[in-house]
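Both ligands and their constituent atoms are indexed starting at 1 by order of listing.
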Amino acid sequence: MCGIVGYLGPRSPLQILMEGLHRLEYRGYDSAGVALFHQGAIEVRRAQGKLSRLEDLLRGEAFDGRAGIGHTRWATHGRPSDDNAHPHKTGRIAVVHNGIIENYLPLKEELKAKGRVFTSGTDTEVIAHLIDEFLQQGVPFREAVKEALNKIRGSYALGILCEGEPQTVAAARKESPLVIGLGDGEFFIASDTPAVLNYTRDFIFLEDGDIAFITPQGPQLEDLSGRSLAREPQRIHWSPLMAERGGYKHFMLKEIHEQPAAVINTIRGRITEEEGEVILEDFPYQRKGLEEIKRVFLVACGTSWHAALVGAYLTERLSRIPAEVDIGSEFRYRDPLIDEGTLLVAISQSGETADTLAATREARRKGGKTLSICNVLGSSITRETEGVIYTHAGPEIGVASTKAFTSQMAALFLLALHLGRARKIITQEEMRGYIQGLVEIPGLMKRVLEGAGEIERLARKYVHFQDFLYLGRGVSYPIALEGALKLKEISYIHAEGYPAGEMKHGPIALIDEDMPVVVVAPKDHTYEKVLGNIEEVKARDGRIIALATDYDPMIAAKVDEVISVPTVHPLLSPFLTTLPLQLLAYYIADFRGTDIDQPRNLAKSVTVE
Ligand code: F6R
C-alpha cells in the first residue's frame, strides 16, 4: 500500500528521499511527505496529490541534518488530505507508517484523556503520540519505541525520527514489509528495495516483531522485549525495474500471489471468531433502515460485475433478501424500479468507473439506499454512496483485475453474513462456522498458488488454441465468466463463459477437439449436473480441463486435465477456483508474449461511458 523510505548518511537526505518516493509511487499516490532534521529540529513537509506537489513545496529549501524519512500514501484510514499525509509529528517524534493499527480508537481515547490533541483522522498519529507520551514521562527514546509498540495491535512498517537523536533512524516491522539497505557509511530503510536499489544491493529483510535503531555505526536489531537480534544481510540481483514488481515478471502475477494477503486485509478487524460476529462499521444501515431493505441490487462492470454475480448468490442464500445484478451501463437506461426498500450495492475497484457511478446516482435520485464496495479511498463512487465497505487489496496496477476481485468477494461475503444474521436467517452457531471457513481461506489460497508450476505446464500445452469455452453452475458460473474474461483480455484468445446448463441451448454446436472446454466443477449441489455436462462435451470429442475439489476420481476418469483445489464450504469455493483460472490465463498470455500488464485497448479505470 503506502511506500516508506528513510536515510542516514553523508549525502543529502532530501535528494535520496525524493528519489526513493518516486520509485515507490506505484504503491499508492494520494499524498506524500518527508521529515528531515534542520538545526537540530525535525521539519515536516507534506502535500496531498502527486509527488510533484511536494516537490513544489520543497523548492529552494535546504536541510542541514543527516537523517530523514519519507512516505507516499495510499489512504486507508482518513481520506487523502494534507493533514492525513505522513509523516505525523507530535512533540519530539515524527513517524511514517504503512499498515493498519487495529486498536487505534481506544488508544486515541486514552491519549486524548491525557490532554493530547490529534490533528489527523489517521490511525498512524496514535503511534507518534504514544512514543512522545513515554518520552515525556522520562523514558529514553529506544525504550519509548518498544513500550509504544507493545501497546499496538495490527500491522505496521514504521520509520521514526526523534528530536534530540539526530543520528538515529528507528524502524520496525509487523506484517508490512520493510528492509534496511546497507551502504558504505550510509544506511537506508524502505518498504520495497527498488526505492534505494541505485545505492545498494545489500539488504537486511526485517522480520515480524523486529525493531532496528540505525546510527552511523550501523543498524542494531532488537525484538519487542529488547533482546538483540542478528540478521544476515542478503545481496539481491534484481534489476530496479523487476524489483518494483517484487521479482515477479509482471504486476499481474505479483497481484495474483498477493491475494491471500488482500483477503486477510479485507476481513481483518471486521469479524470476531469467538462471538461469530461481522462488524461493518461503514455500513450505514446497522441500526436504522436495515429492516426496510426488501431488495438488493448489485451493480458493476467487468470483473467487478462477476463479483456482483457471486454477491447476489451469497446474499440470497445467506440473508434470503431477493438480490438482482446488473451491468452499470444497462442499469440506468432501463428505468429500474427503486424505492427506499432497495439497497443498491455499487462494486468497483477504482471507484471511478463512469457507468457504475451513474448507476449509484440513478438509485439515489429514485430514493434508494446506496452502498459501495471499493478499493480506492476517497474515489468518486465512495463519495456518492451513503456507506462504503473498503476492500483493502492495496493498489492494483496490472490492468487485468485479480486481487480486487477476490477481495470484493470477501467484502460481499461479510455483507451477506451481516444481513443474514441481522434478519435472524442464520444462527450464531452457523455464523461462527462461516467465519471460521472464511478465516481459513487465505491459507488455502496460498496452497493453490503453490501449484502455479503445474498450471504453467498446462498453459504451454494449450497455448495454440484459438477458442475456449468456460462452464460453471451456481456460484461457479460467475467464476467461469471471470476465467474467460481473464483469458481474452490478456491473451487475445476468444473465450466465452456460459452457465453449464445453457450449453445444450446453443454453444454445444461449437464443440470439437479444437475448442478446449474449461469446466469449474467443485463438489456442491450442482456437481452431478456438471458431471452430465462433462459427458456431453466428451461425447462430441471435446477436450476438457476440469477444476475439481481435492482428488476427484469421477472427474479424473472423464476429462483430459484436472486441476484440483482443496474442499471448502460450497459458498467459499469461488475464492479457490478463481486462482487457477487467473494463472492459466496469465501463463497462456505470457507464452504468447502479449503485454500482460497493459493489454491493448484497455485502461485500468474506465471513466467515460
Ligand atoms: C477486467 C477488469 C475490468 C474492470 C472493470 C470495472 O480484468 O479489470 O473489467 O473490472 O473495468 O472496473 P472497476 O472495478 O474499477 O469499476
Side-chain angles (χ1 to χ4, degrees), residues 74 250-256 258-259 262 266 298-311 325-332 344-361 370-385 388-412 470 478-493 495-497 574 578-579 581-586 588-589 594-609:
W74 194 82
H250 295 97
F251 279 110
M252 180 182 176
L253 188 60
K254 178 168 179 259
E255 287 159 7
I256 288 174
E258 282 173 346
Q259 289 178 104
T266 300
L298 298 110
V299 182
C301 300
T303 288
S304 299
W305 176 66
H306 299 154
L309 291 169
V310 174
V325 184
D326 209 346
I327 291 176
S329 53
E330 291 294 319
F331 180 77
R332 67 179 143 147
L344 179 121
V345 183
I347 304 165
S348 175
Q349 188 285 128
S350 62
E352 302 295 346
T353 301
D355 288 318
T356 311
L357 180 61
T360 64
R361 288 185 181 149
T370 54
L371 174 77
S372 52
I373 291 182
C374 191
N375 199 36
V376 179
L377 204 104
S379 54
S380 304
I381 291 175
T382 65
R383 280 186 267 117
E384 299 223 11
T385 47
V388 192
I389 302 176
Y390 280 108
T391 48
H392 295 301
E396 195 179 59
I397 295 167
V399 163
S401 187
T402 51
K403 61 179 180 171
F405 177 65
T406 35
S407 310
Q408 286 164 349
M409 292 197 296
L412 286 160
Y470 284 68
I479 305 308
L481 291 179
E482 176 60 6
L485 177 62
K486 286 288 92 88
L487 185 67
K488 77 180 108 179
E489 68 183 332
I490 58 170
S491 73
Y492 316 143
I493 292 173
E496 280 189 62
T578 298
L579 308 184
L581 300 186
Q582 293 170 341
L583 287 167
L584 185 66
Y586 171 80
I588 289 179
T594 59
D595 187 352
I596 291 183
D597 280 335
Q598 279 161 359
R600 67 184 182 207
N601 308 336
L602 293 176
K604 185 70 190 152
S605 87
V606 184
T607 53
V608 289
E609 254 195 83

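- One side chain, T406 or Q259, offers a donor N or O that lies under 3.5 Å from an acceptor on the other.
- Near A400, the atoms of ligand 1 lying under 4.0 angstrom from a non-hydrogen atom of the residue are 7 (O).
- Ligand 1 has an N or O atom lying under 3.5 Å from an N or O atom of T303, backbone or side chain.
- Remark: E489 pairs with K486 by the side-chain hydrogen bond (donor to acceptor under 3.5 Å, both in side chains) rule, at least two apart or across chains.
- Between G351 and ligand 1, no pair of N/O atoms sits closer than 3.5 Å.
- Among the atoms of T356, none of the N or O lies under 3.5 angstrom from an N or O of ligand 1.
- The V399 neighbourhood of ligand 1 comprises atoms 8 (O), with distances under 4.0 Å to a heavy atom of that residue.
- Annotation: side-chain contact (heavy atoms from CB on, under 4.5 Å) contacts of S304 (sequence neighbours excluded): A300, I347, Q408.
- Within the structure, ligand 1 lacks E352 among the residues with a heavy atom less than 4.0 angstrom away.
- Between atom OG1 of residue T370 and atom CD1 of residue I381 there is a gap of 11.0 Å, rounded to the nearest 0.5 Å.
- Every atom of ligand 1 with a heavy atom of Q349 under 4.0 Å away is listed here by number and element: 13 (P), 14 (O), 15 (O), 16 (O).
- For ligand 1 and S348, the ligand atoms under 4.0 Å from any heavy atom of the residue are 13 (P), 14 (O), 15 (O), 16 (O).
- With rounding to the nearest 0.5 angstrom, the CD1 atom of I493 is 4.5 Å from the CG atom of L487.
- Of all heavy-atom pairs spanning H306 and L485, the tightest one is CE1-CD2, 3.6 Å.
- Atom CD of Q598 sits in a sparse spot, with 12 or fewer heavy atoms from other residues, nucleotides or ligands closer than 6.0 Å.
- Only the side chain of E489 comes within 4.0 Å of ligand 1, judged by heavy-atom distances.
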